[in-house]
**Q** 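Next up is a structure, given as structure tokens.
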Amino acid sequence: MAALEALNSALRAEAAWQADYGQEYVAAGMVSGDEVSGVVVVGWPDRALFRAIDPSNQRMGLEGRLVRLVDLDVPSCDEHRLDDDEWARVPLAAVLDPRGAVDRFTVLEHGERGFILVPREPGGVDRVEVVLGEDDLPDEVVVVDPQGSTNRLQFTAWRPSDGPPDGKWLPEPPPGLECITDTDAAF
């Protein structure tokens, strides 16, 4: 619980934080997977913007309960408003709102500077493992889904930020393209 409280304090210390990230998604039964790197900006309690740079050119933004995914290579724009059940299963929501996480997850110790979140009710994730750096911000977040697929995010160089470069947490779709709103499925 101490690591969760430390993360909560660290996130609240600045209006927003920015870091470089690397992400590897490994499907169940595989030993390696797709890798992406980019920059993330997060703001407590419910804002985040992931900008993938290599090898794809994707943006995923969260502001409140609205999630928007923009793929500039395709191009496409998908948008979804999370309901209460979906919000409770979003691992990013648990990391951005550590105090709220204890209502939805059992919190277990994970080494000296980490914790594991296990959902109180079955859903979109099996567990979330978080390891904090010396600055009490995440060095690594591993999300394991019920089928055994793993999404590993590693963060470096956390620094205070004023927020996204253009001030918008939700990425803009390419010119002339409207976002498709999907109100029936979760991201």
**Q** Roughly how far apart are E129 CD and T150 OG1, rounded to 0.5 Å?
**A** 8.0 Å

**Q** Of the non-hydrogen atoms in L72 and P75, which two are nearest, and what is the gap between them?
**A** O-CB, 4.0 Å

**Q** Going by the side-chain contact (heavy atoms from CB on, under 4.5 Å) test, name the single residue among D34, N151, V141 that passes it with Q23.
**A** N151

**Q** Look at the side-chain heavy atoms of Ile, Leu, Val, Met, Phe, Trp and Tyr, link any pair under 4.5 Å apart, and say whether L82 and L69 land in one connected group.
**A** yes

**Q** Between the side chains of D136 and R113, is the shortest nitrogen-to-carboxylate-oxygen separation below 4.0 Å, so that they form an ion pair?
**A** yes

**Q** If every non-hydrogen atom of P119 is compared with every non-hydrogen atom of D126, which pair is closest and at what distance?
**A** CD-O, 3.2 Å

**Q** Locate the shortest heavy-atom distance separating Q58 from D71; write the atom from each residue and the value.
**A** NE2-OD2, 2.9 Å

**Q** Just verifying a value: how many Å separate Q154 CD and E140 CD, rounded to the nearest 0.5 Å?
**A** 5.0 Å

**Q** Give a yes or no on whether the backbone of A10 and the side-chain of W17 come within a donor-acceptor separation of less than 3.5 Å.
**A** yes

**Q** Compare every heavy atom of P55 with every heavy atom of V36, then report the nearest pair and how far apart it is.
**A** CA-CD, 4.0 Å

**Q** Kindly state each residue pair satisfying ring-ring contact (aromatic ring centres under 6.0 Å, His included) with at least one member in residues 123-161, sequence neighbours excluded.
**A** F155-W158

**Q** Quick check against the 3.5 Å criterion: does S149 have a side-chain atom that pairs as donor or acceptor with the backbone of A28?
**A** yes

**Q** Are R47 and E63 close enough for a salt bridge, meaning some N to O gap below 4.0 Å?
**A** no

**Q** Is any side-chain N of the basic residue among R159 and D135 closer than 4.0 Å to the acidic one's carboxylate O?
**A** no

